[in-house]
Amino acid sequence: MTTTGSDTGTTPAPAASAATATAVGGVPRRRLATRIGWTWLLLSSLALAAFAVAPYLTTSMPALAEAGGGIAEHYAAQPAFVLAAFYVHVVAGGIALLVSPFQFWAGLRDRAPRVHRWMGRTALTAIGLGGVAGLVLAVFGSGGIVGFFGFGTLAVLWLLFGWRGYRAIRRGDVDLHRSWMMRAFALTYAAVTLRLWIPLLILAQVPFAGPAGFDADAAFAGAYAAVPFLAWMPNLIVAEWLIRRRGLPAYRLTPATGPAAATPTAT
């Protein structure tokens, strides 16, 4: 991956300079927003790896199920190969989540390209393993038919985007590689957004509690029924918006016509 035009040190036109007025410490607002966004992605990814992945690596599944560890109760009763797929998915997804934010750090790309390449290979390998394991979990998961289609589609797209990103960089198409890897990370980050959506969806049901009072278990079940799609679809929309904003090859459902046809597409 390489930096966009705004990072190459070229002098912006006067109109562009006015649009990118300085904010704090002389840093352009757009660059400041990028730094804040990247910092949030990094810290939230680290937090999830520490607090959501670590318990499965330090405590047995039966012990977690006995303590009421959420989905642990479901997977503790599954066949050995499903349990193995769960651990592969958790570990590989955690690695992809930890490594991927650093791939969008322009300083690392420019100053240590070899490190960037090796981290990229690690992220793509983790996506491959996590995606295949995710397909198994979509079949044997606790989300029912919605979970099967939602998480199954997520796993398929995760594998596809990672593969397209790999193919693009092998061909030397850096911009197209960046586009596909931004989409792949949007799906990787679904592990974080899923855990943000669930409490929000549970709280949204509080005002509608009936005479019997608020049923936390029913509220969780209702929230979990929505997240198989909600965890990743908005992420992809945001990723596509960022891709277009940076002038990278964007995805089109139909071929472009006219002068715009000269613009590269994510095909």
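The distance from the NE2 atom of His116 to the CG atom of Asp110 is 9.5 Å, given to the nearest 0.5 Å. Note that the CD1 atom of Ile169 and the CZ atom of Arg117 stand 9.5 Å from one another [nearest 0.5 Å]. Taken from CG in Leu248 to NE2 in His177, the straight-line distance is 11.0 Å, to the nearest 0.5 Å. Here the CZ atom belonging to Arg244 is positioned 10.0 Å from the OG atom belonging to Ser179, to the nearest 0.5 angstrom. Expressed to the nearest 0.5 Å, how far CZ of Phe149 lies from CG of Leu154 amounts to 15.0 Å.
Of all non-hydrogen atoms in Ala65 and Ala76, the two that sit nearest each other are CB-CB, 3.9 Å. Here the closest non-hydrogen pair linking Val53 and Ala49 is CB-O, 3.4 Å. A pairwise comparison of heavy atoms in Ala239 and Ala186 identifies CB-CB, 3.8 Å as the closest pair. Between Arg109 and Gln103, the shortest heavy-atom contact is NH1-O, 3.3 Å. The minimum heavy-atom distance linking Pro249 with Ile243 is given by the pair O-CG2, 3.4 Å.
For Arg121, the CZ atom is densely surrounded, since the number of other residues' heavy atoms within 6.0 Å is greater than 12. Around atom OH of Tyr224, more than 12 heavy atoms belonging to other residues, nucleotides or ligands sit under 6.0 Å away. The 12-atom threshold is exceeded at OH of Tyr87, counting heavy atoms of other residues, nucleotides or ligands nearer than 6.0 Å.
Hydrophobic clustering of Ile, Leu, Val, Met, Phe, Trp and Tyr side chains at less than 4.5 Å, counting indirect connections, unites Met119 with Leu46. Taken together through direct or relayed side-chain contacts under 4.5 Å among Ile, Leu, Val, Met, Phe, Trp and Tyr, Phe86 and Phe148 form part of one hydrophobic cluster.
Taking the ring pair (Phe, Tyr, Trp, His ring centres under 6.0 Å) definition, one finds that Phe102 meets it with nothing, sequence neighbours left out. Qualifying ring pair (Phe, Tyr, Trp, His ring centres under 6.0 Å) partners for Phe161, counting only residues two or more places apart in sequence or in other chains: Trp180. In this structure, Trp118 has no ring pair (Phe, Tyr, Trp, His ring centres under 6.0 Å) partners at least two apart in sequence or on a different chain. Considering only residues two or more places apart in sequence or on other chains, Trp232 meets the side chain to side chain donor-acceptor pair (under 3.5 Å) condition with none of them.
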Side-chain donor/acceptor pairs under 3.5 Å, residues 133-142, sequence neighbours excluded:
none

Sequence neighbours excluded and cut-off under 3.5 Å, please list the side-chain donor-acceptor pairs for residues 189-208, or say none.
residue : atom : partner : partner atom : Å
Tyr189  : OH   : Trp40   : NE1          : 2.9
Tyr189  : OH   : Ser44   : OG           : 2.6
Thr193  : OG1  : Tyr189  : O            : 3.4
Thr193  : OG1  : Ala190  : O            : 3.3
Thr193  : OG1  : Ala231  : O            : 2.5
Thr193  : OG1  : Asn235  : ND2          : 3.2
Arg195  : NH1  : Ala191  : O            : 2.6
Trp197  : NE1  : Leu230  : O            : 3.3
Gln205  : NE2  : Leu201  : O            : 3.1
Gln205  : NE2  : Ala219  : O            : 2.9

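Considering only heavy atoms from C-beta on, Val91 stays 4.5 Å or farther from Tyr56 through its side chain.
Using cut-offs of 30° and 60° on the angle between ring planes, the pair Trp105 and Trp38 is tilted.
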